[in-house]
2 protein chains.
Amino acid sequence: MLRETRKKALKEQIFVQALQLFQEKGFEQVTVQEIASACGIAKGTFFNYFTKKEEILLYLGESQLEVLNKGMEEYQDVPEPKEQLKLVLTDLLQRYTSNGELMKLSIVEVIKSAYLFENESKSIRRLQQSLASLIDRARRNGKLNSRWDTDVIVSTVLGVYLQTMMSWSLPHNQHSRIGDMFERYLDVIWEGIAQR
Amino acid sequence: MLRETRKKALKEQIFVQALQLFQEKGFEQVTVQEIASACGIAKGTFFNYFTKKEEILLYLGESQLEVLNKGMEEYQDVPEPKEQLKLVLTDLLQRYTSNGELMKLSIVEVIKSAYLFENESKSIRRLQQSLASLIDRARRNGKLNSRWDTDVIVSTVLGVYLQTMMSWSLPHNQHSRIGDMFERYLDVIWEGIAQR
DNA sequence: ATCCATAAGCGACCTTGGTCATAATTTGAC
DNA sequence: GTCAAATTATGACCAAGGTCGCTTATGGAT
């Protein structure tokens, strides 16, 4: 169906143009009219594809998650689950932070949508599921022995993941590599805070 | 100085009225004009006290943190550091979630301001410091033996704290008590994911 | 009491995100 | 090719957040 492909193409064009402009001038400084003009469409048309200006940021975030979810099996055969988690999530972190300032906004949008509205961010849900099955697999293979429920583990990991993104965003923390930060936190929750 | 006290009083009035209205009709549904009218001031005056409408939410979040920071010593003589952390942060969680839907918005604002702008959310910084000194004290008292840096521990704890707030916000997770959720996560990071 | 400098209040005004009735376009059926 | 139904594009319009130059109130100095 031609209609469908054209629709998708236009949405993609709007998305790309918008990102470009956001990169150049900053999110707030770009008006919807500008984006529309850059795509040769009317302002109203923009809202046929994205219901709010912020939805572009959400789309950005979700598409990054999508990419990760798709490429997840790439890490299937890493033997140690901890190593696996590290690789998977460092990959995602890298992706998120590579886009600079814009990604921070995007992260906030994803968080907002995922946790604020019943919007049911499918991408995050899928990430959770992927991580859960990663853990379960490790368990079955005898690579992980843990007293905790799988989904509790996943939530904990996501917690430090979130924390990593956020503390990395802090101006004065930018010196350390984000992957290293996450690894450190992962170490902590893996081994436990209290000394064995 | 009379001026100062009056300023503070008016700011407080705006804050309280705004919250009231937000509770009644929802954040988006309340206009700045409404808030101003409810206070008997002009719209422009509102912006002398809060630079954006959202700043009310930020103020709400920060003031909650403030309250906690002030009441922190209440938990000084709890013997076990883990218990101490649990009490302190459960207190905060309770505070945050007691206000219902509005708090979610407020949380997002605090996160935004803390991690997005160089705004330097002092309240969060102070919370971090309080937690850090809590950990250090436990260490000196021989109550905690850990290989990790204090600030790494603090960040990890904050990570699961964040995670708790957020997964609790999820519509389908509301059944469990938020304090219990946090406690579970705290257990995990305290003992470690991997079985000893 | 008067005057001045500074701070706070004000609301017309502008900008811009978002809506909606209408117009143009596409699709499928005949 | 023609027509009707459904889909998409459009831009005038609206609402509301935020700005700004001007007015009013305040507090201290003389």
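In this text, all values refer to a predicted model and were calculated from it rather than measured experimentally. Below, chains carry the letters A, B, ... as their sequence lines are ordered, and counting in each starts from 1.
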Looking at every strand, decide which applies to A/Ile35 at a 4.0 Å heavy-atom threshold: base, sugar-phosphate, or nothing.
nothing
Over how many whole Å does the gap from B/Lys7 atom NZ to C/dG9 atom C1' extend?
12 Å
With sequence neighbours excluded, what pairs up with B/Gln13 under the side-chain hydrogen bond (donor to acceptor under 3.5 Å, both in side chains) test?
none
Protein proximity profile, nucleotides 10-23 of chain D - base contact B, sugar-phosphate-only contact S, no contact -, cut-off 4.0 Å on heavy atoms
BB----SBBB----
Report yes or no: do B/Glu24 and B/Gln20 form a side-chain donor-acceptor pair below 3.5 Å?
yes
All N/O donor-acceptor pairs, side-chain side in residues 35-46 of chain A, below 3.5 Å, sequence neighbours left out:
{"from": "A/Ser37", "atom 1": "OG", "to": "A/Gln33", "atom 2": "O", "distance (Å)": "2.9"}
{"from": "A/Ser37", "atom 1": "OG", "to": "A/Gln33", "atom 2": "NE2", "distance (Å)": "3.2"}

Atom-pair distance (NZ on B/Lys8; P on C/dA7), nearest Å
18 Å
If you measure from CG on A/Leu68 to NZ on A/Lys70, what distance do you get to the nearest 0.5 Å?
11.0 Å
Residues A/Glu54, A/Lys112: salt bridge by 4.0 Å N-O rule:
no
Examine C/dA8: is either OP1 or OP2 under 4.0 Å from a nitrogen or oxygen in the side chain of B/Tyr49? Give yes or no.
no
May I ask you to verify if any side-chain N or O of B/Arg6 is less than 4.0 angstrom from the OP1 or OP2 atom of C/dA7?
no
A/Arg139 and A/Thr150: side chain donor to acceptor below 3.5 Å:
yes
